[in-house]
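No experiment lies behind these values; they were computed from the predicted model shown. Just the heavy atoms: all of them, side chains too, but no hydrogens, waters or symmetry mates, feed the values below.
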Amino acid sequence: MVAVTSRSLRVLWLGVMVLVISACQTTPPPAFGPQFAQHNEGFTAVVVAYAPEMEGILGRIEADPNASITSTVTYKGVKYRLGKYHDQPILVFATGMSIANASMTMQMALDYFPVKQVVYMGIAGAVNPAWQPGDVIVPARWYYHDESVYANPDPANPGQSVLPEYYAKFMQEQPARKAADPHYPNYKPFAFIHPDEVLIIKEGMDKPVDTAYFSASNRLLSAAEKAMNAMPAQMILDQRKAKLHVGGNGVTGSVFMDNREYRKWTRDVFEAEVTEMESAAIGQVCTVNDVDWVIIRAISDLAGGQEGVNVEHIYDKEVSRVGANVLFAVMDELAKAE
């Protein structure tokens, strides 16, 4: 009986020692986080919002003997096409419409693939009355037009609103910020809607900061300007020659803008050329990830400036075709620099 007990104690002691030694050994941490931390080399992301725009992109790739889609992977339901364009690796995908979808799918792309630059193309509504369906605009800056406070009227001051304390402080900062930045908005309310700014944080920042807009990469803007200047005339439905323009401001929101008065307000406040539903989100994600980006927008409608029904359904495929022509002209210009 005593021998059995001693043997049992020895077995127990050995087991404890094994556990102690195992606990002292270093176990590598699980592989959490993005797959790629560096994006200075890798894919050019060729990105659109939705199906009619994707048709134009894939049609151009299929027709070009020096371009191809070689494989497709799907993450969380989003299809990412991998291929080549004139010996340069490309990643082709659609963000889906809206700020939320654009943010999600772009961040996924940057997490799962080494993307060195983003060239985004899509349709937009014209805010500047100088533009018509078929014209193509490449804005230098993108603003959120509906990041805002919806306020109650002030019963003691007709025509004024009861504003939260933080927003009143934000408005007090406006004169100094406007004086320091020529691209800063001319903030004013639209009825009960008081424009605000998105807070962003990225590597190197101690805390989030108010951000009025996101600037496209100068290198890609220069490539777009060179490409557009060299392009042949782009005809819209065989009726008119499209205007091609680089520069100015675009605005992004969570709404399909189709209101004349609100359109005028975005022109007054942001000096907007065009409006749509994804680009500022793309700019924000790329800015936070330090990835170069540029947005090409082909005008499909007048964002409420028209009389009667919006004409977006008439022009979406036609102007997407012209937008795709501009995109690949930009891609050709970028290929020359490689």
Main chain of [Y], side chain of [X]: is a donor-acceptor contact present, judged purely on distance under 3.5 Å?
{"X": "N157", "Y": "Q160", "result": "no"}
{"X": "T287", "Y": "V285", "result": "no"}
{"X": "T72", "Y": "R81", "result": "no"}

Any chance the side chains of [X] and [Y] put a donor and an acceptor closer than 3.5 Å?
{"X": "N229", "Y": "E225", "value": "no"}
{"X": "N249", "Y": "E273", "value": "no"}
{"X": "W293", "Y": "Q117", "value": "no"}
{"X": "S279", "Y": "E276", "value": "yes"}

Quick one: do [X] and [Y] end up in the same hydrophobic cluster if we chain Ile, Leu, Val, Met, Phe, Trp and Tyr together by side-chain heavy atoms under 4.5 Å apart?
{"X": "V138", "Y": "V127", "result": "no"}
{"X": "V115", "Y": "V288", "result": "no"}
{"X": "W142", "Y": "L199", "result": "no"}
{"X": "V251", "Y": "V255", "result": "no"}
{"X": "M235", "Y": "W131", "result": "no"}

D154 vs S161, side-chain contact (heavy atoms from CB on, under 4.5 Å): CA-CA, chis, key distance, verdict: CA-CA 5 Å; D154 185 349; S161 297; 5.8 Å; no

Just verifying a value: how many Å separate [X] [atom1] and [Y] [atom2], rounded to the nearest 0.5 Å?
{"X": "K79", "Y": "T105", "atom1": "NZ", "atom2": "OG1", "value": "14.5 Å"}
{"X": "I193", "Y": "Y262", "atom1": "CD1", "atom2": "OH", "value": "5.5 Å"}
{"X": "N325", "Y": "M228", "atom1": "CG", "atom2": "CE", "value": "11.0 Å"}
{"X": "D301", "Y": "I299", "atom1": "CG", "atom2": "CD1", "value": "8.0 Å"}

Evaluation steps, side-chain hydrogen bond (donor to acceptor under 3.5 Å, both in side chains), between T95 and Y120: CA-CA 10 Å; T95 60; Y120 193 107; 3.0 Å; yes

Residue [X] excluded, over 12 heavy atoms near [atom1] under 6.0 Å:
{"X": "K226", "atom1": "NZ", "answer": "no"}
{"X": "Q132", "atom1": "CD", "answer": "yes"}
{"X": "E173", "atom1": "CD", "answer": "yes"}
{"X": "E62", "atom1": "CD", "answer": "no"}
{"X": "M108", "atom1": "CE", "answer": "yes"}

Does a salt bridge link [X] with [Y], judged by any charged N lying under 4.0 Å from a carboxylate O?
{"X": "R263", "Y": "D258", "result": "no"}
{"X": "K116", "Y": "D292", "result": "no"}
{"X": "E197", "Y": "R177", "result": "yes"}
{"X": "R297", "Y": "E278", "result": "yes"}

Taking all heavy atoms of [X] and all of [Y], pick out the closest pair and write down the distance.
{"X": "L334", "Y": "V119", "value": "CD1-CG2, 4.1 Å"}
{"X": "A223", "Y": "E333", "value": "O-CG, 3.6 Å"}
{"X": "I99", "Y": "S254", "value": "CD1-OG, 3.5 Å"}
{"X": "S103", "Y": "A281", "value": "OG-CB, 3.4 Å"}
{"X": "M54", "Y": "F93", "value": "CE-C, 3.5 Å"}
{"X": "A216", "Y": "V294", "value": "CB-CA, 4.2 Å"}

Would you indicate whether the side-chain heavy atoms of [Y] and [X] approach each other to under 4.5 Å?
{"X": "L244", "Y": "V326", "value": "yes"}
{"X": "I123", "Y": "S320", "value": "yes"}
{"X": "T266", "Y": "F190", "value": "no"}
{"X": "T275", "Y": "T252", "value": "no"}
{"X": "V322", "Y": "V136", "value": "yes"}
{"X": "V47", "Y": "M121", "value": "no"}
{"X": "V274", "Y": "N128", "value": "no"}
{"X": "V149", "Y": "F192", "value": "no"}

Residue that, paired with Y143, satisfies ring-ring contact (aromatic ring centres under 6.0 Å, His included) out of Y213, Y187, Y184: Y213

Aromatic ring pairing W265/F270, orientation class (parallel under 30°, perpendicular over 60°, tilted between): perpendicular

Parallel, tilted or perpendicular: rings of H194 and Y167 (30°, 60°): perpendicular

side-chain hydrogen bond (donor to acceptor under 3.5 Å, both in side chains) assessment of K202 paired with N289: CA-CA 8 Å; K202 59 177 293 188; N289 286 273; over 6 Å; no

Criterion side-chain contact (heavy atoms from CB on, under 4.5 Å) on Y50 and N101, from CA distance to verdict: CA-CA 11 Å; Y50 76 136; N101 285 327; over 6 Å; no

Identified side-chain hydrogen bond (donor to acceptor under 3.5 Å, both in side chains) counterpart of D135 within the set H245, Q234, R240, K243: R240

Trace of the side-chain contact (heavy atoms from CB on, under 4.5 Å) decision for V78 with Y112: CA-CA 12 Å; V78 180; Y112 295 143; over 6 Å; no

Donor-acceptor pairs are to be reported for all side-chain atoms of residues 84-91 against protein atoms at under 3.5 Å, with residues two or more places apart or in another chain.
unit_1 : atom_1 : unit_2 : atom_2 : d
Y85    : OH     : D332   : OD1    : 2.6
H86    : NE2    : D64    : OD2    : 2.9

Working for side-chain contact (heavy atoms from CB on, under 4.5 Å), residues H145 and M257: CA-CA 10 Å; H145 68 75; M257 191 191 301; 3.9 Å; yes

